[in-house]
2 protein chains.
Amino acid sequence: MPIKKRITIKQVASEASVSTQTVSRVINNRPDVAPETRQRVEEVVERLGYHPSALARSLIQQHSYTLGVVTAGLKYIGPSRTLNGIAQQTEAMGYSLLLKELPRFDANDFEPLLQSLLARQVDGVIWAVPQIGANRYWLKEHVPHLPIPIMFLTMEPQPGISIVSIDNYQGGRLATKHLLEQGYRRIGHISGPLDWWEARERKRAWENTLLEAGLPVEECQSVEGNWSSSSSDRAFRQLLDQFPGLDAVFVGNDQMALSVYAIASARGIRIPQDLGVVGFDGIPESAYYWPALTTIDQNQHELGCNAISELVYMIETSEHGKKEVEPRVIILQPELIIRESSPRRPI
Amino acid sequence: MPIKKRITIKQVASEASVSTQTVSRVINNRPDVAPETRQRVEEVVERLGYHPSALARSLIQQHSYTLGVVTAGLKYIGPSRTLNGIAQQTEAMGYSLLLKELPRFDANDFEPLLQSLLARQVDGVIWAVPQIGANRYWLKEHVPHLPIPIMFLTMEPQPGISIVSIDNYQGGRLATKHLLEQGYRRIGHISGPLDWWEARERKRAWENTLLEAGLPVEECQSVEGNWSSSSSDRAFRQLLDQFPGLDAVFVGNDQMALSVYAIASARGIRIPQDLGVVGFDGIPESAYYWPALTTIDQNQHELGCNAISELVYMIETSEHGKKEVEPRVIILQPELIIRESSPRRPI
DNA sequence: CTGAAAGCGCTAACAC
DNA sequence: GTGTTAGCGCTTTCAG
């Protein structure tokens, strides 16, 4: 039961007529306490509503059981789903979470952020900000000097860095191959913003898959969006104008696919009869687009979970074994979900 | 620059040939330091890459400059947008954020959660979990005994409790009145899950507004969903079956409106010619439904910002003035966004 | 202006 | 089994 004033270990000790050390042993479940002493102490702890200060404990043990997470764009569903996994797994592993959100995706003043986490003695850090532009420039120089493990999400593998990522290239490949297999031939692409690594990977996969199938890929065949529905509103109209004969489009995410649907409806282009569509992300809503959207499901929740498991593993082995843990790279595979927006094309 | 080993104030002191107090004064910008001493210390701080331990500081000052936030359902966009506001405002006010996510919306084992926050000496708590079922039962008994301020989001005002909420009743009223004004008369409702306070408020507003307009409200005129698109898939079909002559529907949130669109399309019901639709939430995507969705915009980001400003105010005045701050209730007003799904009905 | 001593709440290491 | 001593890294108090 929460109480108005904070009780200290001293008060418990004096109330139970033992030393603080004994109280400490009881609350930490150490063996060397006489059963009746233990019981007496426990009774006092209960009665006073005593709860040990994690702060004091962290200070002396040099171990806070707290993880720092740096994120960006929580107002979007992707980062939130990842954070959801992170929070859940952190809790499950008995740690707490200190949250920092970057004001912008491409903010790159990593230093004060990292310091504020280090000042609070976090045991490890998850850098859950996607790789954009040059926002990873500091890795090479600074990561090796950090006193604690740091785990990066969603970025290009790099020697010496621990990373958990989703295979965006493979996702783009699955999407494009699916469209090819269904008989589409003039396949356009609405990409995410190309300063994002993920957007580039998806586009690169689309391009290579077409080329490997012996199809030409022209400049006018793809347009850049910025992940938002409103951006693809413009992008899709441009694509229609500049690439005649379009029979399918691979859209960089499900939000952008939504306005592809809207523009198509407004222009009398029927999906899927006149135009096949494949999205990316697998947001729950995409199953209720009409027609239901074929998409690439990326499990961002699991991404977060994996990152934490791995990070905690790094923390705990580097403590025990005293030797540094080898940086590890984990790549999760996305999945193709076939729905109604990409049926086999009649010959 | 981050450094491998942690530097302590002692090392800085000895390196600069001063006492630790002097170093302390310098890093806290206290006045009583000779300019040249200050400069010498600053130089050493810089050279060694010293950063004070927030932990040790919190311990002695009994003030951690950290806020605890308890949230739930981060995989949904609503809670994330709120957390976004919370994180941003917390940062802006110079605090850090300790994040806890409930495994389920209706989890009500508040006790261990609160204790784990208190153990880390948070200066205040934001309870950002919506009011559902009896998950507020503990307030009356426990809140008055908490040693720190606690701020609740999204719940029914209650004496003695600090709350920031959005006026869901007013939102439901705006939506329903709009449909009435546009000439719709047989207006159905797909509600959120009715153990949610927000869902009940929206429904109550819909019902009262119809009654005040002299229209009957029958049992068969509304169906309960669970906020997800899939739930309203079922709910809307049921509504169509059980309430003939439906000419408009007020849907509890924008996600559920999405499958109303899908079912309508599949059944040849034209929106808006045959059916007017109004949603709730104002998610960015709703502007790209086809036709664009009229909805009630609730600014959840601002909700989070307000909650933090208020909480920090409570913390800082209760410290200075030593007297408890009066609990405050802040109600934010949602806004009607008129788009294309609810045109004036031809007579 | 500066330093010495005390202590925040807890635990590690050692005595008894 | 249990208590004592020391100290995590910092700030407060008070003396000079």
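Not measured: the values here are computed from a predicted model. Chain letters run A, B, ... following the sequence lines, proteins first, then strands; residues in each count from 1.
- Considering only side-chain N and O atoms, B/S24 lies under 4.0 angstrom from the phosphate OP1 or OP2 of D/dT11.
- In this structure, a donor-acceptor pair under 3.5 Å is absent between the side chains of A/S64 and A/S58.
- In the model, B/S309 has a side-chain atom that pairs as donor or acceptor with a side-chain atom of B/Q89 under 3.5 Å.
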(request) Starting from the C-alpha separation in whole Å, work towards a yes-or-no answer on side-chain hydrogen bond (donor to acceptor under 3.5 Å, both in side chains) for B/R120 and A/T66. (result) CA-CA 10 Å; B/R120 282 184 165 75; A/T66 299; 3.2 Å; yes
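- Here the side chain of B/N306 pairs no donor or acceptor atom with the backbone of B/L303 at under 3.5 angstrom.
- Here the side chain of A/R40 pairs a donor or acceptor atom with the backbone of A/A16 at under 3.5 angstrom.
- If you check D/dG1, C/dT2, C/dC10 against the side chain of B/V33, the one that comes closest is C/dT2.
- Within the 3.5 Å criterion, the main-chain N or O of A/I331 finds no donor-acceptor partner in the side chain of A/S165.
- Inspection of the B/Q88 and B/H301 side chains reveals an N or O donor paired with an N or O acceptor under 3.5 Å.
- Ring pair A/F110/A/W138 is parallel by interplanar angle, where below 30° counts as parallel and above 60° as perpendicular.
- Within the 4.0 Å cut-off from OP1 or OP2 of D/dT2, at least one side-chain nitrogen or oxygen of A/T37 is found.
- Axis angle across the helix from C/dC1-D/dG16 to C/dC16-D/dG1, with five pairs used at each end and values rounded to 10°: 40°.
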For nucleotides 13-16 of chain C, print each protein N/O atom paired with a nucleotide N/O atom at under 3.5 Å, atom names and distance only.
none

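- Residue A/Q61 places none of its side-chain N or O atoms closer than 4.0 Å to OP1 or OP2 of D/dC8.
- Rounding to whole angstrom units, CD1 of residue A/I60 and P of C/dG7 are separated by 17 Å.
- The nucleotide whose nearest atom lies closest to any side-chain atom of B/P52 is, among C/dG9, D/dC10, C/dT2, D/dC10.
- Relative ring orientation between A/Y76 and A/F105 is described as parallel, the plane-to-plane angle staying below 30° on a 0-90° scale split at 30° and 60°.
- Here A/Q121 does not reach the OP1 or OP2 of D/dC8: none of its side-chain N or O atoms lies under 4.0 Å away.
- Between A/Q131 and A/E156, the side chains place no donor N or O within less than 3.5 Å of an acceptor N or O (distance only, hydrogens not considered).
- Among A/L99, A/T90, A/L98, the one residue that satisfies the side-chain contact (heavy atoms from CB on, under 4.5 Å) test with A/L67 is A/T90.
- Following rounding to the nearest Å, B/I7 (CD1) and D/dC10 (P) show an atom-to-atom distance of 10 Å.
- In this structure, B/R57 atom CZ and C/dG9 atom P are separated by 18 Å, rounded to whole Å.
- Using modelled atom types, one finds a donor on one side chain and an acceptor on the other under 3.5 Å when comparing B/S116 with B/K100.
- Of all nucleotides listed (C/dC10, D/dG3, C/dT2), C/dT2 comes nearest to the side chain of B/D32.
- For the pair B/L59 CG and C/dC8 C1', the interatomic distance rounds to 4 Å; values are reported in whole Å.
- A straight line from CZ of B/R120 to P of C/dG9 spans 17 Å, rounded to a whole angstrom.
- Protein atom NE2 of A/H63 is 16 Å distant from nucleotide atom P of D/dG9, rounded to whole Å.
- Of the residues in residues 8-19 of chain B, B/T8, B/I9, B/K10 come within less than 4.0 Å of DNA chain D through at least one heavy atom, sorted by number.
- Across the protein-nucleic acid pair, B/N28 atom CG and D/dG9 atom P stand 17 Å apart, rounded to whole Å.
- In this structure, B/R30 places its CZ atom 15 Å from P of C/dT2, rounding to the nearest Å.
- In this structure, B/T20 does not reach the D/dG9 phosphate: none of its side-chain N or O atoms is under 4.0 Å from OP1 or OP2.
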